K.L.:
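Let me give you the structure first, and then I'll get to my questions.
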Amino acid sequence: TLLGVITCDAAVTSDIWRTMVKTAVMRSFNQITVDGDSSTNDTILALASGACGGDLIARGDSFEGSQLQRALDVVMQGLAKSVAWDGEGATCLIAVKVSGAETEAAAATIARTVASSSLTKAAIHGRDPNWGRIACAAGYAGVKFDPSQLSIHLGQFLLMEGGQPQPFDRSAASHYLKVVGEEHGTVQINICVGNGTGCSEAWGCDLSYEYVRINAEYTT
Amino acid sequence: VLEQMAPSTTSMPEAPIVLPEGPWKQIPGGVTAAGGFKASGAYARLRSASQKPDLALVVCDHDAVVAGTFTTNLMAAAPVLYCKKILEKSDRVRAVLINAGQANAATGDAGHQDSLDCASALAKILGIPMESVLIQSTGVIGQRIKKDNLLDSLPYLVSELSSDIESANKAAVAITTTDIVSKSVALETIIGNTKVRIGGMAKGSGMIHPNMA
């Protein structure tokens with residue numbers, strides 16, 4: 001279950017605050033996944049006290065509104081990523097960045113679909129640069145893109161460009177995954193699906209044997 | 001990254017959250033960093049597996065503007081339904097009470113009554129309307145809250161409220177379940193000519209695929 005409480009001392013109107021929180025949640029907590037199960041209890045509550053004084057922020061598209069939105073996004077993304085990093089049994093965070101989509105929402109859908117792929121997650125746990133699973137997951141995300149424009153990076157390794165598989169050092173890519181796993185660091189996957197301006201990120205974690213051990217006996 | 005974890009005062013490591021570069025400064029403290037907020041965390045004998053804090057409280061000195069996003073799971077837990085109802089009627093609250101151990105989901109009418117009883121009891125102690133209290137629960141689905149234990153702990157929880165960093169840490173630990181780290185972060189930024197602080201805490205490790213609205 002995901003729970004969160006956000007606190008802020010800005011002076012902001014209720015309707016703008018609710019719009020900002022919704023936007024920030026869409027860019028953060030709704031872009032993480034550990035195991036594909038949506039809880040009965042997921043809740044984020046965000047309170048703004050107005051205690052810092054200053055002018056009331058009453059427009060989301062004002063300069064001050066944009067500043068507050070960006071800061072809220074950053075706080076929620078920091079917390080959201082820490083939840084994915086701490087996924088049950090995980091040895092690494094998986095960060096999936098998608099660019100070139102028609103819209104931010106389209107990019108977000110592709111990114112989260114890849115981050116949610118059990119086969120991609122299992123391969124990363126096995127330190128196997130099995131990038132075909134990344135391409136596969138992008139393809140079934142439900143977002144149309146031109147496969148001939150697909151490019152995929154795993155860390156610094158270019159695996160596919162212009163829809164064509166690229167030669168790469170498989171053992172070096174595997175070593176990259178191994179080192180990241182040993183450090184409980186971040187595996188970076190960058191995907192470009194075209195020339196659109198839509199970009200987004202999603203965050204997940206690897207799928208380990210330990211995940212099953214934890215959850216097979218949760219109440220016994 | 002593991003080496004960056006700082007030991008917490010509540011014997012649980014803290015998540016290594018590093019915010020990106022930007023027009024802000026990461027500051028210590030989580031949910032109490034912003035002006036007007038206090039928090040506390042206590043062991044209320046709700047958990048079965050350990051004696052970590054399992055009951056957290058966040059309180060604002062004055063009515064705070066509130067927004068909430070909630071699971072779209074049709075089997076939404078009693079506290080989710082309670083909060084949604086409150087937020088439909090009001091845009092300001094004073095307190096959030098969070099328990100770990102039992103999710104109070106799939107608990108039917110009795111579970112709903114448990115949420116009402118907890119909110120009502122806390123409101124009475126704080127001297128505020130019940131509609132100013134929100135509730136979150138996490139833990140085993142299908143189990144009711146150990147309500148007697150929770151209610152017994154409320155006076156102590158309220159007495160421990162503080163705006164210091166340790167209280168924010170205790171609250172962040174109290175909401176964890178299978179998490180191996182607690183999760184808090186805060187930043188300070190200038191908006192207009194005013195120094196603004198935003199902080200927060202979260203929990204989650206398994207059953208994580210939020211689709212909130």
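Owing to the predicted nature of the structure, the values given are computational and were not obtained by experimental measurement. Naming convention: chains lettered A, B, ... in sequence-line order (proteins, then strands); numbering from 1 in each chain.
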K.L.:
B:V66 versus chain A, heavy atoms under 4.5 Å apart: side chain, backbone, both or neither?
P.N.:
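Backbone plus side chain of B:V66, per the 4.5 Å heavy-atom cut-off to chain A.
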K.L.:
Which answer fits B:I191, side chain, backbone, both or neither, if we ask what part of it has an atom under 4.5 Å from a heavy atom of chain A?
P.N.:
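Both parts, backbone and side chain.
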K.L.:
Test side-chain contact (heavy atoms from CB on, under 4.5 Å) on A:R18 and B:D91 and set out the steps.
P.N.:
CA-CA 9 Å; A:R18 288 189 172 186; B:D91 59 3; 3.9 Å; yes
K.L.:
Which members of residues 194-213 of chain B, sorted by number, sit under 4.5 angstrom from chain A on a heavy-atom basis?
P.N.:
B:T194, B:K195, B:V196, B:R197, B:I198, B:G199, B:G200, B:M201, B:A202, B:K203, B:G204, B:S205, B:G206, B:M207, B:I208, B:H209, B:P210, B:N211, B:M212
K.L.:
Considering residues, nucleotides and ligands other than A:D37, do more than 12 of their heavy atoms fall under 6.0 Å from its CG?
P.N.:
yes
K.L.:
Please test B:I17 against A:W85 for side-chain contact (heavy atoms from CB on, under 4.5 Å), starting from the C-alpha separation and ending with a verdict.
P.N.:
CA-CA 10 Å; B:I17 300 175; A:W85 181 88; over 6 Å; no
K.L.:
Going through the distances and angles, do B:V93 and A:L47 end up as a side-chain contact (heavy atoms from CB on, under 4.5 Å)?
P.N.:
CA-CA 8 Å; B:V93 299; A:L47 283 67; 3.9 Å; yes
K.L.:
Measure A:S14 against the heavy atoms of chain B and call it side chain, backbone, both or neither at under 4.5 Å.
P.N.:
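Backbone plus side chain of A:S14, per the 4.5 Å heavy-atom cut-off to chain B.
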K.L.:
Among B:D63, B:D61, B:L87, single out the residue with the greatest number of heavy-atom pairs under 4.5 Å to chain A.
P.N.:
B:L87
K.L.:
Are the side chains of A:V5 and B:V31 in touch, meaning some heavy atoms are under 4.5 Å apart?
P.N.:
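Yes - at least one pair of side-chain heavy atoms lies under 4.5 Å apart.
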K.L.:
Top residue by heavy-atom pair count (under 4.5 Å) with chain B, among A:T219, A:L2, A:D15, A:D42?
P.N.:
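The residue among A:T219, A:L2, A:D15, A:D42 with the greatest pair count is A:D42.
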K.L.:
As an exercise, state the distance from CG of B:D179 to CG of A:D86, rounded to the nearest 0.5 Å.
P.N.:
5.0 Å
K.L.:
Give the member of B:T69, B:I141, B:T189, B:I190 that has the highest number of heavy-atom pairs under 4.5 Å with chain A.
P.N.:
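Ranked by heavy-atom pairs under 4.5 Å with chain A, first place is B:T69.
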K.L.:
With a 4.5 angstrom heavy-atom cut-off, which part of A:I57 approaches chain B: side chain, backbone, both or neither?
P.N.:
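For A:I57, the contact with chain B is made by the side chain alone.
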K.L.:
Taking side chain as everything from C-beta outward and backbone as N, CA, C, O, which of these in B:S137 sits under 4.5 Å from a heavy atom of chain A? Side chain, backbone, both or neither.
P.N.:
both
K.L.:
Any sub-3.5 Å donor-acceptor pair from A:T40's side-chain atoms to B:M75's backbone N or O?
P.N.:
no
K.L.:
Given a strict heavy-atom distance threshold of 4.5 Å, which part of B:T176 is in contact with chain A: side chain, backbone, both, or neither?
P.N.:
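Neither part, no heavy atoms under 4.5 Å.
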K.L.:
Considering residues at least two apart in sequence or located in another chain, which fulfil the side chain to side chain contact (heavy atoms under 4.5 Å, CB included) criterion with B:P129?
P.N.:
B:E131, B:S132
K.L.:
Using only heavy-atom distances, determine whether the side chains of A:T43 and B:Q136 contain a donor-acceptor pair under 3.5 Å.
P.N.:
no
K.L.:
Which one wins on heavy-atom pair count under 4.5 Å against chain A: B:T72, B:V140, B:I175, B:V80?
P.N.:
B:V80
K.L.:
On a heavy-atom basis, which atom in B:T71 and which in A:S39 lie closest, and how many Å separate them?
P.N.:
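Heavy atoms of B:T71 and A:S39 come nearest at OG1-O, 2.7 Å.
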K.L.:
Quick check: under 4.5 Å, non-hydrogen atoms only, which of residues 97-109 of chain B neighbour chain A?
P.N.:
B:I98, B:A103, B:A105
K.L.:
Counting neighbours of OH on A:Y140 that are heavy atoms of other residues, nucleotides or ligands and sit closer than 6.0 Å, is the number greater than 12?
P.N.:
yes
K.L.:
Report, in residue-number order, which members of residues 103-136 of chain A are under 4.5 Å from chain B by heavy-atom distance.
P.N.:
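Under the 4.5 Å heavy-atom cut-off, A:R112, A:S116 qualify.
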K.L.:
Can you tell me which of A:V25, A:L72, A:N215, A:V74 forms the most heavy-atom pairs within a distance under 4.5 Å of chain B?
P.N.:
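Most heavy-atom pairs within the cutoff with chain B belong to A:V74.
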K.L.:
With chain B as the partner, which of A:I6, A:V21, A:N30 has the greatest number of non-hydrogen pairs under 4.5 Å?
P.N.:
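Looking at each option in turn, the highest pair count goes to A:N30.
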K.L.:
Check this for me: B:Q143, atom CD, are more than 12 non-hydrogen atoms of other residues, nucleotides or ligands nearer than 6.0 Å?
P.N.:
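Result for CD/B:Q143: enclosed.
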K.L.:
Among A:A84, A:S82, A:A90, A:C52, which has the most heavy-atom pairs under 4.5 Å with chain B?
P.N.:
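Max contact count across the listed options: A:S82.
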K.L.:
Check each atom of B:S184 against the heavy atoms of chain A and say whether the ones under 4.5 Å are side chain, backbone, both or neither.
P.N.:
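B:S184 touches chain A through backbone heavy atoms alone.
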K.L.:
Counting heavy-atom pairs closer than 4.5 Å to chain B, which one of A:L45, A:T1, A:T7 comes out on top?
P.N.:
A:T7
K.L.:
Mind checking whether A:V75 and B:L187 have side chains closer than 4.5 Å, heavy atoms only?
P.N.:
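Counting from C-beta outward, A:V75 and B:L187 do come under 4.5 Å.
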K.L.:
Non-hydrogen atoms of chain A under 4.5 Å away: do they reach the side chain of B:V58, the backbone, both or neither?
P.N.:
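Interface part for B:V58: side chain.
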K.L.:
If I compare all heavy atoms of A:S49 with all of B:C60, which pair ends up nearest, and what's the gap?
P.N.:
CB-SG, 3.6 Å
K.L.:
What heavy-atom pair brings A:N41 and B:P79 nearest, and what distance separates the two atoms?
P.N.:
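Closest pair (atom of A:N41, atom of B:P79, distance): ND2-CG, 4.3 Å.
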K.L.:
Search all heavy atoms of B:G36 against all heavy atoms of A:A51 and return the closest pair with its distance.
P.N.:
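Between these two residues, the closest heavy atoms are N-CB, 4.2 Å.
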K.L.:
Measure B:F70 against the heavy atoms of chain A and call it side chain, backbone, both or neither at under 4.5 Å.
P.N.:
both
